[in-house]
Amino acid sequence: MLHNLIWDPSPEIFRIGGFALRYYSVAFMAAFVLSYVVMRNIFRREGKDIALLDRLLVYVVVGTIIGARLGHCLFYEWDYFRHHPAEIVLPFRWEKGRFLWTGYQGLASHGGAVGILGAVALFARRYRISLIWLLDRLSIVVPLAGAFVRIGNFFNGEIIGKPSGLPWAVVFAREDSQPRHPAQLYEALCYAVIFGLFIFLYKKSKLAQKPGCFFGLFLVLVFGARFIIEFLKENQEPFESGYLLNMGQLLSLPLIAAGIYFLRYYRDRHAKRQN
């Protein structure tokens with residue numbers, strides 16, 4: 001008889017005083033490093049200046065963190081952060097007469113997506129490069145980054161799934177003793193598969209020559225997968241219990257709609273302008 005995995009590792013790799021290095025932080029950093037490596041190969045393949053990519057990396061990192069942080073604070077825990085606004089931007093808080101390092105515990109992927117979009121738009125305008133070209137290429141690597149972030153969530157034992165009797169269900173011991181869907185790993189696997197598909201299409205098809213297609217596919221596939229997997233997750237905040245769809249699903253719908261727009265209409269409009 002198979003027994004469910006009991007998952008109860010410390011989320012911290014080590015701690016020195018008030019500072020702790022967490023698995024989530026390592027996964028977050030790995031997401032950017034590996035995405036940069038893939039994007040560097042894409043830039044070289046298409047004859048773009050690598051120095052431009054280095055500048056883009058700064059914009060994307062800042063945009064991701066700001067967007068993801070604001071997304072979490074505004075959509076998931078506004079009742080708390082409206083009374084503690086400094087904690088939105090500071091990775092520590094004052095508690096019992098001393099500074100307590102907290103890091104940015106609370107990042108929302110939908111906010112991160114909006115933050116990246118805004119940062120890339122500013123970058124494209126400043127350096128006079130096609131915005132849609134950048135979005136198409138970034139869409140190839142963002143699913144890879146998303147997979148690592150969800151692995152970090154798994155190590156944290158957060159964003160857990162609903163109770164399950166399946167043999168691969170996991171007991172998140174810091175939550176309770178009930179076997180649950182490892183929803184974080186479901187999402188990580190979906191994003192890894194999407195990344196593999198995008199790499200294949202980029203190398204073996206002419207999809208990269210059709211502006212908006214990769215970006216549209218990214219929005220539909222990534223947030224479509226997110227929308228479906230949300231049915232297997234516990235709500236992250238109590239207020240979501242009163243909704244037919246949870247916050248993650250509600251925020252995914254407009255992004256999926258935008259993806260359909262880019263796939264069906266932007267390509268057609270671009271084709272007409274070429275004629």
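Note that this is a predicted model, so its numbers are computed, not measured. Computed over heavy atoms, backbone and side chain alike; hydrogens, waters and symmetry mates excluded. Along the sequence shown, residues are numbered consecutively beginning with 1.
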Decide yes or no for Leu245 and Leu253: does some side-chain heavy atom of the first lie under 4.5 Å from some side-chain heavy atom of the second? yes
Is there side-chain contact between Val38 and Phe195, with at least one heavy-atom pair below 4.5 Å? yes
Return a table of donor-acceptor pairs under 3.5 angstrom between the side chains of residues 211-234 and protein atoms on other chains or two or more places apart.
residue : atom : partner : partner atom : Å
Arg226  : NE   : Glu230  : OE2          : 2.5
Arg226  : NH1  : Ser109  : OG           : 2.5
Arg226  : NH2  : Glu230  : OE2          : 3.4
Glu230  : OE1  : Asn246  : ND2          : 2.8
Glu230  : OE2  : Lys233  : NZ           : 2.8
Lys233  : NZ   : Glu187  : OE1          : 2.5
Glu234  : OE2  : Arg180  : NH1          : 2.7

Between OH of Tyr36 and CG of Asn41, what distance do you get to the nearest 0.5 Å? 10.5 Å
Under 4.5 Å between side-chain heavy atoms, counting indirect links through other Ile/Leu/Val/Met/Phe/Trp/Tyr residues: same cluster for Val33 and Leu56 or not? no
I'd like to know if Phe200 and Val37 are part of one continuous hydrophobic network [Ile/Leu/Val/Met/Phe/Trp/Tyr, side-chain heavy atoms within less than 4.5 Å]. no
Donor-acceptor side-chain pairing of Asn153 and Arg150 below 3.5 angstrom: yes
Counting only pairs under 3.5 Å, give me each side-chain donor-acceptor contact of residues 115-122, with atom names and distances, residues two or more places apart or in other chains.
none

Beyond-backbone contact of Leu251 with Leu255, side-chain heavy atoms, under 4.5 angstrom: no
Donor-acceptor under 3.5 Å (Trp7 side chain, Phe154 main chain): yes
Kindly state whether the ring of Phe123 and the ring of Trp133 have centres lying under 6.0 angstrom apart. no
Are any of the side-chain heavy atoms of Leu53 and Lys48 separated by less than 4.5 Å? no
Could you go through Arg174 and Asp8, starting from their C-alpha distance and side-chain angles, then the distance that decides it, and tell me whether this counts as side-chain contact (heavy atoms from CB on, under 4.5 Å)? CA-CA 6 Å; Arg174 280 179 285 129; Asp8 190 26; 3.2 Å; yes
Between Phe28 and Phe32, ring centroids under 6.0 Å: yes
Hydrophobic cluster membership, with links at side-chain heavy-atom distances under 4.5 Å among I/L/V/M/F/W/Y: are Ile160 and Trp168 in one? no
Hphob cluster co-occupancy, Leu5 + Leu185, side-chain heavy atoms under 4.5 angstrom: yes
Under 4.5 Å between any side-chain heavy atoms of Asp136 and Ile132, yes or no? yes
Name the orientation class of the two ring planes belonging to Tyr23 and Phe155 (parallel below 30°, tilted from 30 to 60°, perpendicular beyond 60°). parallel
Would you say Met39 ends up clustered with Leu52 if hydrophobic residues are merged whenever their side chains have heavy atoms under 4.5 Å apart, either directly or through other cluster members? yes
So do Tyr186 and Cys190 actually touch side chain to side chain, heavy atoms under 4.5 Å? no
Apply side-chain contact (heavy atoms from CB on, under 4.5 Å) to Val149 and Tyr24, showing your working. CA-CA 7 Å; Val149 170; Tyr24 181 88; 3.7 Å; yes
Sorted by chain and number, sequence neighbours left out, salt bridge (charged side-chain N to carboxylate O under 4.0 Å, His left out) with Glu175 holds for none
